[in-house]
Amino acid sequence: MSFSIKRTKPISPQTSTLLHLLLPRSSLSSSALSQSNPNLYHHYSSILQSLTTLKPPSSSSIKQLHARLLLSGFGSDTHLGTKLINLYSTTHNLHYALQLFDKIPKRNLFVWNILIRAYAWHGPYQTAIDLYNGLIDYGLVPDNFTFPFVLKACSALSALETGRAVHDMAIRTRWVSDVFVGAGLIDMYAKCGCVDDARIVFDGVSGRDVVVWNSMIGAYSQNGRPLEALVLFREMVGDGFRPTVATLVTVVSAVADSSNLKRGREIHGFSWRRGFGGNDNVKTSLVDMYAKSGWVKAARDVFEKLAEKKIVSWNAMICGLAMHGHADEALDLFDEMKEEGRVIPDHITFVGVLSACSNGGLLEEGRKLFDLLVSSYSIEPTVQHYTCMIDLLGHSGELEEAYELIQRMPMRPDAGVWGALLNACKIHRNVELGEVALEKLIELEPNDAGNYVLLSNIYAQVGKWEGAAKVRKLMTERGLKKDIACSWIEVKNKVYAFLVGDQSHPCSEEIYRELDRLEGLMEEAGYVVDTVPVFHDVDDDEKKNMVRVHSERLAIAFGIISTPPGTKLLVTKNLRVCEDCHGAIKFMSKIVEREIIIRDVNRYHHFKDV
DNA sequence: ATAGGGTTAG
């Protein structure tokens, strides 16, 4: 019997030399092979060892070795089998790995671990969890390697219940305070949205290292708690830990969400002082931060200084332009990206350009892009792409077409889709479709007050007060309250917040006096109060009063009286800017000759009619 | 023999 190696695929010269050295001809042609041959066993073991050091190990060599091991009667040997499984799992041959695994009678923890690792990295993630449970049923106890692997699978699936069970096991096995296990648990809880559980784990980790800090800062940042992320970052630096690129990227993204340019510039400065100024990853997060802080030009400057523009960088810049309503620039940049040809647009790029079209009212451009996404880039449109299209069609007044698209889309429309339609119905005062959209929204998000408010406003716009009252009653019955409007503005390195009708500010009197003064000038310039957006069915005078104390107006008035003439104002609001304020701020901007930017829940509104 | 963290949209 001959054992010469059959070449199915050419193997790398490196591997071929290696096999030649380790397998002298004599052993290759030997005809009496069995487990009783310790030399051969040793040979196989060494070859396996050497293959492990190759990066990447040759797939075909592994299969050949496997075949020879079986022929030599070593098929069920734990030691050799383990090594082979390890090789198979690092070369993504999970099928063979699992086959071998089933044949090994004595399975040690190491084999379970590397299999769980393979499935946690490449999926199917549920298999990793099944294997973890299998390991326990088999009578083994998970160790400090098992936990990070299985937790990665839990994170990928947002499998909170399984994650909690794993956490419980980590406590019982006393691995819970280990840095690796802790980081895995923190990340799992973060991905499941349970930041406070993550914090409990964080507080219990002994000998925290930089990764554990990063994980916890990221947990806050990814779950919309930027201030806590920053507090923890300061604590980390105060404790003498040296931040890494991952720390900076996470913290900059947290600052981006906190909408505070001063903090953003501070962290930018910090990154320079600590030697991260030239790092492309940090720069990309800065592009996003500057865009979200309302300073598109600074974002663009950082973007142009990137050594290499990767897809994330392009996306951050394109989306940054889109959210500020610079539709043409966003599309130009998209063209530039295609021309440069180094990166391929992905699904996020298309969310960016489609939303740019939506903000810019570029219906035909948007239609073309939607076609392009499927035809030229073979991207499977996601529910977000459909949402963008429905938003675009809706804004452009094509409500019927938008509704048809919802009925045609291949996946189940989510709240975002119906929300886009409802919003379009509000803009174009379409009660019938608005009712359809709200009905669906109530099914999907029964406790979101904003949806009810929107429909109520549509009724109010067309004078259907009984409809508005019906929706309001429904809200009261369900115990829902409209979120209180709040706007904030940063003046001289301090953030000031204003609620609707707020009189608590020390300068309140001056603020209202300034509003009065502006209103007089606005009316002279042709401004007429549009009372329609007011929620309640009250008389006109009262409506007028409610509109004029909207939180963004208070913030703007405060900004005007407390900054030098000509200073640009950036106001952030927790809800959407109402139509009347939109019109009023145009006049204000003109009268005081200032650029005013409002960041609301959806996008940025620029008023620059100086 | 095996290990944990990061940026874009929504």
Side-chain angles (χ1 to χ4, degrees), chain A residues 48-49 52-53 79 82-83 85-87 89-90 108-118 120-121 143-152 155 175 178-188 190-191 201 205 208-219 221-222 224 229 243-257 276 279-289 291-292 299 303 310-320 322-323 345-356 382-388 391 414-417 419-420 601-602:
Chain A
L48 280 164
Q49 188 59 50
T52 316
T53 61
H79 174 73
T82 300
K83 288 197 167 174
I85 290 170
N86 191 12
L87 282 167
S89 71
T90 53
N108 54 29
L109 189 55
F110 176 76
V111 195
W112 289 96
N113 284 350
I114 53 178
L115 269 179
I116 295 171
R117 175 188 67 179
W121 282 355
D143 67 1
N144 53 326
F145 289 94
T146 321
F147 289 118
F149 295 146
V150 69
L151 285 166
K152 201 170 190 65
S155 300
W175 280 116
D178 176 82
V179 279
F180 288 93
V181 178
L185 282 167
I186 292 166
D187 188 54
M188 181 276 295
K191 299 265 152 66
V201 175
V205 171
R208 290 172 192 163
D209 63 6
V210 66
V211 178
V212 175
W213 282 99
N214 288 354
S215 305
M216 193 60 226
I217 294 170
S221 176
Q222 290 150 22
T244 62
V245 171
T247 320
L248 264 297
V249 167
T250 309
V251 171
V252 172
S253 88
V255 174
D257 291 335
F276 296 104
N279 185 285
D280 271 2
N281 295 306
V282 176
K283 277 189 204 156
T284 298
S285 56
L286 286 167
V287 168
D288 175 55
M289 184 277 291
K292 286 186 178 151
F303 175 75
K310 297 214 193 79
I311 185 67
V312 185
S313 329
W314 288 100
N315 287 350
M317 194 65 238
I318 289 173
C319 294
M323 71 179 114
D346 65 4
H347 62 287
I348 296 175
T349 320
F350 279 97
V351 172
V353 286
L354 287 173
S355 69
T382 66
V383 69
Q384 282 139 21
H385 296 124
Y386 281 99
T387 309
C388 287
D391 195 52
D414 65 4
V417 169
V601 272
N602 284 333

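Within every chain, numbering begins at 1; the chains are lettered A, B, ... in the order of the sequence lines, protein sequences first and strands thereafter.
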What is the distance, to the nearest angstrom, from the [atom1] atom on [X] to the [atom2] atom on [N]?
X        : N     : atom1 : atom2 : result
A:Trp112 : B:dT2 : CH2   : C1'   : 16 Å
A:Lys310 : B:dT8 : NZ    : C1'   : 13 Å
A:Asp187 : B:dA3 : CG    : P     : 16 Å
A:Arg117 : B:dA1 : CZ    : C1'   : 9 Å
A:Lys191 : B:dG4 : NZ    : C1'   : 11 Å
A:Asn602 : B:dA9 : CG    : P     : 13 Å
A:Trp175 : B:dA3 : CH2   : P     : 15 Å
A:Asp288 : B:dA9 : CG    : C1'   : 10 Å

What nucleotide among [options] has an atom nearest to a side-chain atom of [X]?
X        : options              : answer
A:Val312 : B:dG6, B:dG10, B:dT7 : B:dT7
A:Val212 : B:dG6, B:dG4, B:dA1  : B:dG4
A:Thr284 : B:dG4, B:dT7, B:dA3  : B:dT7
A:Val351 : B:dT8, B:dG10, B:dT7 : B:dG10
A:Asn281 : B:dG4, B:dT2, B:dG6  : B:dG6
A:Pro148 : B:dA3, B:dT7, B:dA9  : B:dA3

Return the set of residues passing side chain to side chain contact (heavy atoms under 4.5 Å, CB included) with A:Phe145 (not counting sequence neighbours), or none when no residue passes.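 Applying side chain to side chain contact (heavy atoms under 4.5 Å, CB included) to A:Phe145 gives A:Asn113, A:Asp143, A:Phe149.
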State which residues pass side chain to side chain contact (heavy atoms under 4.5 Å, CB included) with A:Thr90; sequence neighbours excluded, sorted by chain then number.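 In terms of side chain to side chain contact (heavy atoms under 4.5 Å, CB included), with neighbours along the sequence ignored, A:Thr90 is linked to A:Pro57, A:Asn86, A:Arg117.
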How would you label the contact of [X] with the nucleic acid (heavy atoms, under 4.0 Å): base, sugar-phosphate, or nothing?
X        : value
A:Phe350 : nothing
A:Thr82  : base
A:Asp346 : nothing
A:Thr244 : base
A:Val179 : base

If you compare every side-chain N and O of [X] against the phosphate oxygens of [N] (OP1, OP2), does one of them come in below 4.0 Å?
X        : N     : result
A:Lys292 : B:dA9 : yes
A:Trp121 : B:dG4 : yes
A:Lys152 : B:dT2 : no

Checking only heavy atoms, does the side chain of A:Asp178 share a donor-acceptor pair with the base of B:dG4 at less than 3.5 Å? no
Closest contact, heavy atoms only, A:Ile116 versus A:Val150: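 Minimum heavy-atom contact is CG2-N, 3.9 Å.
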Quick check: do A:Val351 and A:Cys388 have side-chain heavy atoms less than 4.5 Å from each other?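 In short, these two side chains touch, coming nearer than 4.5 Å.
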Output the distance between atom CD1 (A:Ile311) and atom CD1 (A:Ile318), rounded to the nearest 0.5 Å. 7.0 Å
CG-OG distance between A:Asp280 and A:Ser285, expressed to the nearest 0.5 angstrom: 10.5 Å
Within the stacking criterion (centroid distance below 5.5 Å, interplanar angle below 30°), does A:Phe180 stack on B:dA3?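 Taking the rule of under 5.5 Å and under 30°, the ring of A:Phe180 does stack on B:dA3.
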